[in-house]
Amino acid sequence: MATIDVPEQVSVLADAEALRKACKGWGTDEKAIISVLGHRNAVQRKQIRLAYEDLYQEDLIKRLESELSGDFEKAVYRWILDPADRDAVLANVAIKKLSPDHHVIVEISCTRSPEELLVVRRAYQARYKHSLEEDVAAHTKGDTRKLLVALVSAFRYDGEEINTRVANSEAKILHEAVKDKEFNHEEIIRILSTRSKMQLMATFNRYRDDHGTTITKNLEGDSGDEFLKTLRPTIRCLNDPKKYFEKVLRNSIRRVGTDEDALTRVIVTRAEKDLKDVKELYYKRNSVPLDQAVAKDTTGDYKALLLTLLGKED
Amino acid sequence: MALPVDIEALDKAFSGIGVDEKSLISILTNSNEEHKKSLRKGSSKLFIEDAKGFERSDQSSIKILKHQFKRFRDAVMLSVLHPWERDARLIEKAIRKGPKHYNVIVEMACTRSSDQLLGARKAYHSLFHHSIEEHLVTHIKGRERKLLVALVSAYRFDGPGVNEDVAKSEAQILYEAINNGEKNKLLDHEDAIMILATRSKQHLQALYQHYNQSYDKTLAQDLEGEGILKDTVECLCTPQTYFTRVLEAAVKEDADEESKRALTRVIVTQKEQLVKEGFVPNKIQDILLGLYKDFMLASIASGDIK
């Protein structure tokens, strides 16, 4: 369930005016920006941008970029984009890093629905004049590259049918791979990048039933080669995305020095999806509400925006 | 008694691609039992005399005849289906039928636009309840699998702005893969597959030019005998060469049934291209027959109708 709190009646014209007012003159009224944008869904945000452009012949995003700074600016920028466009930007940022953030690419390709991923690929092309798979291929190598390209290129069947025979045999294959740490990469990549999500769930359940522990537990740890480091989030995202997001949030806050990129990314991308469920998981796991943990670890307007997206009342 | 000219006409009605329906009507409806008997005796194609002197039908010939009669129907079906469903069904059939048909998968994946390929993938979900890539990995165990999955999963950028330096260096990568490595390991060459499967067509066409300039031969020439690798390069860089090759194979003297079926597929799916390229139907005119011929020629003639 979503966490953002959207009022019943919205006037995008009034919103555009309010944002204009917040940016005019010396200094910026960040609170006003948060109070408008933090309570609008994707469709409304898009309409506000169009209304703003209409009224003031200026790109709202560019205006905000010039007025704001730091983690707050990054968060607002990501929040205000269309979900598919946002994912394209996140993917590009992840790819272009000196040491690419493979897990972000995994996250985008495995937690979005097949249709959503297609729209992301389209948005990526429109923005960067390259295909997503092209850029991933150009910035990664070896088996990690094979896995990532396969994941971003996948257009999974999204039906409910599962084949128990296949679940059985593929659970075996995965177990062999995990147990021996002799990863037959070809087979793993094949299974994880072509099967439907329902089929994979059946396979993971079968794995758990056959071996007494979940596959993610068997993959625990932070070490290992590049492929393993990319494989773990892949299986986690496909197996239980909410649990995966809880873990990312937990790690982003726990680390000495908050990982703002990860914190922003998860909150912004899930606020309209399932952040509520992730919050519940967080509380169960950490005995501390997520709002509280975020409030303790962040400051200023950045903190205010995150808490708004988390559904905290103003 | 049937005149030799009748027997010849009967044979001729079945001696091309398609069937000369008009000729058959005129021969057979005017034929009484005596006449038919001598037709059967004289026909070299359809009837054989068994040990008891009984002229019976030659079942293998009749089977071939079935294909000929079916052609018009298949052409109609192919032309009336939504392009996405059409391509999805062609791919599914090719996967089922085996290695000799993999070029059809390459053709679908590489000669359609990015959005058409995406559409075919969606249609495939609806029709077969699996993704194409899922079926590919389930049914294809050979080394072609990697390339085919990669090609079918591509959503290539379609636009200008090729980085010539990158195109040139990737031409070199392909050159070295072909000429320095073992040729039969090409299908496992990761970089080569990545280049062919992820780069835009514009980029690959530039790469093709660089290859030609740098090495005095074309990439297609260097891939002679390399089956779907050559098909891939041709479909992406010089599709008219690929389609011409397929059409010529279809009308050859000893063409097999699959090659002939390609005629329908290529003409129906590529008619706009054929018109643009100024494809002259002379070659196929002589060998096509009947309603099938009318349909094919009319398709090409009207190819520029949008």
Side-chain angles (χ1 to χ4, degrees), chain A residues 109 114-115 117-163 165-166 169-170 185-200, chain B residues 88 109 113-115 117-141 143 145-146 148-163 166 169-170 173 188-204:
Chain A
S109 54
E115 276 297 336
L117 182 55
L118 280 186
V119 185
V120 172
R121 288 170 84 178
R122 217 174 260 135
Y124 192 96
Q125 279 193 12
R127 225 173 226 274
Y128 301 108
K129 312 299 179 211
H130 283 278
S131 66
L132 175 55
E133 58 268 29
E134 202 176 345
D135 279 356
V136 170
H139 289 84
T140 53
K141 36 190 214 302
D143 283 349
T144 309
R145 177 172 78 175
K146 277 195 265 193
L147 174 59
L148 289 173
V149 170
L151 290 176
V152 303
S153 311
F155 182 41
R156 302 173 199 268
Y157 174 59
D158 67 354
E160 309 272 316
E161 298 98 316
I162 55 178
N163 180 320
R165 196 177 38 82
V166 164
S169 69
E170 294 189 344
H185 296 177
E186 294 289 343
E187 282 293 89
I188 296 179
I189 294 172
R190 168 183 75 73
I191 295 171
L192 296 179
S193 67
T194 62
R195 291 300 181 195
S196 74
K197 289 191 179 171
M198 290 305 295
Q199 179 65 46
L200 284 171
Chain B
S113 74
S114 292
D115 282 324
L117 177 56
L118 219 51
R121 291 173 83 178
K122 284 193 206 186
Y124 203 97
H125 284 193
S126 296
L127 296 169
F128 305 111
H129 304 290
H130 285 279
S131 61
I132 300 180
E133 45 280 30
E134 219 176 335
H135 268 178
L136 281 173
V137 300
T138 308
H139 295 278
I140 299 181
K141 304 293 179 195
R143 294 167 51 247
R145 184 171 92 181
K146 251 191 270 199
L148 290 173
V149 171
L151 292 178
V152 127
S153 309
Y155 184 53
R156 298 174 201 266
F157 174 62
D158 180 10
V162 171
N163 184 324
V166 174
S169 77
E170 291 186 346
I173 294 176
D188 293 314
H189 195 282
E190 295 300 338
D191 288 343
I193 294 184
M194 280 296 157
I195 294 170
L196 292 175
T198 63
R199 291 299 185 195
S200 72
K201 289 181 185 176
Q202 291 84 349
H203 180 100
L204 291 170

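Reminder, nothing fancy here: chain letters follow the sequence lines and each chain counts from 1. Everything quoted here is computed from the prediction, not taken from an experiment.
Only the side chain of B:T138 comes within less than 4.5 Å of a heavy atom of chain A; its backbone N, CA, C and O stay farther away. For A:E160, no part lies under 4.5 angstrom from a heavy atom of chain B. At a 4.5 Å heavy-atom cutoff, B:A150 makes no contact with chain A through either its backbone or its side chain. In this structure, chain B has a heavy atom under 4.5 Å from the side chain of A:A138, while its backbone stays farther away. Within the 4.5 angstrom heavy-atom criterion, atoms from both the backbone and the side chain of B:D191 approach chain A. Interface remark: B:R121 contributes backbone and side-chain atoms alike to the contact with chain A (heavy atom separation under 4.5 Å).
Partners of B:D188 under the salt bridge (charged side-chain N to carboxylate O under 4.0 Å, His left out) rule, at least two apart in sequence or in another chain, are B:R143, B:K146. Listed by chain and number, the residues in a salt bridge (charged side-chain N to carboxylate O under 4.0 Å, His left out) with A:R195 are A:E170, B:E134 (sequence neighbours excluded).
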- Message: What verdict does the salt bridge (charged side-chain N to carboxylate O under 4.0 Å, His left out) test give for A:E186 and A:K146, after you've listed the backbone C-alpha separation in whole Å, the side-chain angles of each residue and the deciding distance to 0.1 Å?
- Response: CA-CA 9 Å; A:E186 294 289 343; A:K146 277 195 265 193; 2.8 Å; yes
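With respect to A:E133 and A:R121, a salt bridge is recorded, a charged nitrogen being found less than 4.0 Å from a carboxylate O.
Among B:K122, B:H129, B:H203, the residue with the largest count of heavy-atom pairs under 4.5 Å with chain A is B:H129.
In this structure, B:H125 has its ring center closer than 6.0 angstrom to the ring center of A:F155.
To the nearest 0.5 Å, the span separating CG on B:L148 from CD1 on B:I132 amounts to 11.0 Å.
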